Colleague: 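Okay, here's the structure, questions in a sec.
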Amino acid sequence: MTKILVTGGTGYIGSHTVVELQQAGYEVVIIDNLSNSNINVLDGIEKISGIRPAFVKGDVTDITTLRQLFKDHPGIKGIINFAASKAVNESVQKPLLYYRNNLVSLLNLLELMPEFGVEGIVFSSSCTVYGEPDNNPIDESAPIKPATSPYGNTKQISEEIITDTIYSGAPIKSIILRYFNPVGAHPSAEIGELPLGVPQNLIPYLTQTAAGIRKELTVFGNDYDTPDGSCIRDFIDVVDLAKAHVIAMRRMLDNPKGEKLEIFNLGTGRGLSVLELIESFERATGVKVPHKIGPRREGDIEKIWAEPSKANNVLGWKAEATIDDTMRNAWRWQQKITPKD
Ligand code: UD1
């Protein structure tokens with residue numbers, strides 16, 4: 001069985017990817033410092049796949065821990081690197097935390113890969129590297145715009161670090177995946193997004209509002225240059241997204257003569273506005289979401305959605321879930337985690 005290290009594997013996208021890897025026959029080792037996730041996620045993973053992944057509680061920024069992990073789990077062939085901080089606002093307040101967490105962890109992995117014979121790394125990047133696009137849908141050849149937050153900058157710098165390392169002739173491969181807006185949960189409702197505190201992202205805020213945990217959702221702006229005035233995003237189902245990682249891993253490891261570095265957009269190719277998303281949720285679940293229009297949120301992009309043809313044609317991956325299915329899964333998960341009293 002091919003062994004894969006998943007950093008940040010108890011997190012939102014990480015946990016869904018662990019399940020898909022296991023179901024595709026890979027053996028998974030997780031490292032996570034549990035700073036933004038919960039150890040019980042391992043139970044959820046095990047319930048779905050029937051396999052409890054090996055787990056190391058530790059920080060990828062600590063190279064000693066990481067070296068020990070590679071010694072204790074010999075034969076790791078691939079890495080998927082989810083371990084990173086991802087709150088845009090927080091990154092503005094705590095830039096050094098973001099640069100340390102997101103960059104030092106990547107440096108450590110890249111440095112140790114050749115030493116332990118790890119052949120490839122799949123890296124979680126973001127459509128945030130495109131900034132406000134000149135045209136939509138946006139493909140991988142679009143220019144990278146100056147980052148508007150330390151978080152966004154860490155994604156750009158990480159892509160450059162990987163590119164420079166590959167071009168230096170390091171004996172490794174990489175696939176960089178630029179996610180659009182991951183949403184939803186596993187259809188089993190055993191795993192999903194577990195935000196700590198007040199959610200910053202749209203879907204967890206929306207589902208918490210539907211569950212009565214929050215009074216109402218504020219739509220940040222309805223005066224954008226879009227058909228209904230609210231921002232447009234490309235909402236991609238988290239299970240579809242997870243599956244793309246398995247395909248990317250297989251592509252890297254099974255084609256020794258294949259490209260050393262590739263970049264793919266992961267989105268549906270369909271833009272949906274914030275107001276349309278609320279409507280889909282209400283339609284799919286029959287549950288109303290109290291909401292009001294508020295001022296714009298600083299730093300928001302007006303509209304962005306993916307041109308996913310490269311992922312469709314080259315990777316052989318396509319987003320399949322309908323937005324209604326995704327919303328139903330998000331709601332089922334929210335109901336499961338809502339305190340009952
Ligand atoms: C942001 C980042 C993205 C990052 C993602 C994960 C940017 C431009 N985008 O995505 O790179 O990967 O977070 O943390 O840096 N909204 C509301 N009300 C709310 C919450 C959100 O109206 O209570 C709106 C926002 O204005 C936005 C849309 O919903 O138009 C999506 O917001 P969000 O879920 O936070 O994701 P992004 O900002 O697109």
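All residue numbers refer to positions in the sequence shown, counting from 1. Atoms within each ligand, like the ligands themselves, are counted from 1 in listed order. Remember, predicted model here, so these are calculated numbers, not experimental data.
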Colleague: Any side-chain heavy-atom pair from T209 and H291 closer than 4.5 angstrom?
Modeller: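 Not touching, per the 4.5 Å side-chain cut-off.
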Colleague: So is there a nitrogen or oxygen of Y205 less than 3.5 Å from a nitrogen or oxygen in ligand 1?
Modeller: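 Not met; the criterion fails.
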Colleague: Any salt bridge between R178 and E159, counting N to O under 4.0 Å?
Modeller: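 A salt bridge links R178 with E159.
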Colleague: Tell me, which protein residue and heavy-atom name are nearest atom 4 (C) of ligand 1, and how many Å apart are they?
Modeller: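 Minimum-distance protein heavy atom for atom 4 (C) of ligand 1 reads Y151 OH, 3.5 Å.
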Colleague: Using a strict 4.0 Å cut-off to heavy atoms of V219, name the atoms of ligand 1 that fall inside it.
Modeller: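 With V219 as reference, the close atoms of ligand 1 come out as 22 (O).
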Colleague: May I ask you to say whether D134 pairs ionically with K145, meaning some side-chain N is under 4.0 Å from a carboxylate O?
Modeller: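 Looking at K145 together with D134, the answer is yes, because their closest N to O distance falls below 4.0 Å.
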Colleague: Checking a contact table here: which protein heavy atom is nearest atom 22 (O) of ligand 1, and how many Å away?
Modeller: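 Scanning the protein heavy atoms, the shortest distance from atom 22 (O) of ligand 1 goes to F220 N, 2.9 Å.
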Colleague: Out of curiosity, is S126 lining ligand 1, as in a heavy atom under 4.0 Å away?
Modeller: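 Yes; S126 lies near enough to ligand 1 that a heavy-atom distance drops under 4.0 Å.
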Colleague: Of all the non-hydrogen atoms in the protein, which one sits nearest to atom 26 (O) of ligand 1, and at what distance?
Modeller: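 Of every protein heavy atom, D300 OD2, 2.5 Å lies nearest to atom 26 (O) of ligand 1.
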Colleague: Around atom 39 (O) of ligand 1, find the nearest protein heavy atom and jot down its residue, atom name and distance.
Modeller: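 Atom 39 (O) of ligand 1 sits closest to the protein heavy atom R233 NE, 2.6 Å.
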Colleague: Can a non-hydrogen atom of Y179 be found less than 4.0 Å from any atom of ligand 1?
Modeller: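 Contact absent.
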Colleague: Taking only heavy atoms of T218, which atoms of ligand 1 are found under 4.0 Å from at least one of them?
Modeller: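 Those of ligand 1 that fall under 4.0 Å from T218 are 17 (C), 18 (N), 19 (C), 22 (O), 23 (O).
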Colleague: Give me the residue, atom name and distance of the protein heavy atom closest to atom 34 (O) of ligand 1.
Modeller: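 That would be L202 N, 2.8 Å.
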Colleague: Any atoms of ligand 1 less than 4.0 Å from a non-hydrogen atom of V274? List them with their elements.
Modeller: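 Reading through ligand 1 atom by atom, the close ones are 22 (O), 24 (C), 28 (C), 29 (O), 30 (O).
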Colleague: Purely on distance, is any nitrogen or oxygen of S149 under 3.5 Å from one on ligand 1?
Modeller: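 No, S149 has no N/O under 3.5 Å of an N/O on ligand 1.
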Colleague: Taking only heavy atoms of V88, which atoms of ligand 1 are found under 4.0 Å from at least one of them?
Modeller: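 Under 4.0 Å from V88, ligand 1 has these atoms: 2 (C), 15 (O).
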Colleague: Return the closest protein heavy atom for atom 32 (O) of ligand 1 as residue, atom name and distance.
Modeller: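 Its nearest protein heavy-atom neighbour is R297 NH2, 3.4 Å.
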Colleague: Does E262 come within less than 4.0 Å of K173, counting only side-chain N to carboxylate O?
Modeller: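 So E262 does not pair with K173 through a salt bridge.
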Colleague: Nearest to atom 36 (O) of ligand 1, what protein heavy atom do you find, and at what distance?
Modeller: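 Its nearest protein heavy-atom neighbour is N181 ND2, 3.2 Å.
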Colleague: Is the shortest side-chain heavy-atom distance between D234 and C127 below 4.5 Å?
Modeller: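 Not in contact.
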Colleague: Could you pull out, from V183, N222, N201, the option with a heavy atom nearest to atom 6 (C) of ligand 1?
Modeller: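 Selected option, by shortest heavy-atom distance: N201.
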Colleague: Given the side-chain rings of Y26 and H245, with only the six-membered ring counted for Trp, is the space between their centroids under 6.0 Å?
Modeller: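 No: the rings miss the under 6.0 Å criterion.
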Colleague: I301 heavy atoms, cut-off 4.0 Å: which ligand 1 atoms fall inside?
Modeller: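 The list of qualifying atoms is 8 (C).
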Colleague: For Q200, counting its heavy atoms only, list the atoms of ligand 1 lying under 4.0 Å from any of them.
Modeller: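 In order of numbering, the contacting atoms are 20 (C), 35 (O).
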Colleague: Among side-chain atoms of Y98 and E90, is any donor-acceptor pair under 3.5 angstrom?
Modeller: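 The answer is yes; a qualifying pair exists.
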Colleague: Show me which atoms of ligand 1 lie under 4.0 Å from any heavy atom of C231.
Modeller: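 Atoms satisfying the 4.0 Å criterion: 30 (O).
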Colleague: At what distance, to the nearest 0.5 angstrom, does CG of L5 lie from CZ of F116?
Modeller: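 One finds 11.5 Å between CG of L5 and CZ of F116.
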Colleague: Which one of N33, V60, I63, L110 satisfies the side-chain contact (heavy atoms from CB on, under 4.5 Å) criterion with S105?
Modeller: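 With S105 as partner, side-chain contact (heavy atoms from CB on, under 4.5 Å) holds for just one option, V60.
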Colleague: Tell me, do Y99 and T154 make a side-chain contact under 4.5 Å, heavy atoms counted?
Modeller: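 Yes, at least one pair of side-chain atoms sits under 4.5 Å.
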Colleague: Any donor-acceptor pair under 3.5 Å linking the side chain of N36 with the backbone of S85?
Modeller: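 It does not hold such a pair.
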Colleague: What residue and heavy atom of the protein are closest to atom 14 (O) of ligand 1, and at what distance?
Modeller: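 Checking every protein heavy atom, the shortest distance to atom 14 (O) of ligand 1 gives K86 O, 3.1 Å.
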Colleague: Would you mind listing which atoms of ligand 1 come within a distance below 4.0 Å of any non-hydrogen atom of T128?
Modeller: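 Ligand 1 atoms under the 4.0 Å threshold to T128: 7 (C), 8 (C), 11 (O), 15 (O).
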Colleague: Charged N to carboxylate O below 4.0 Å: is that the case for D324 and R283?
Modeller: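 Salt bridge flag = yes for R283 with D324.
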Colleague: So does D43 pair up with R52, basic N to acidic O under 4.0 Å?
Modeller: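 Answer for the salt bridge query: yes.
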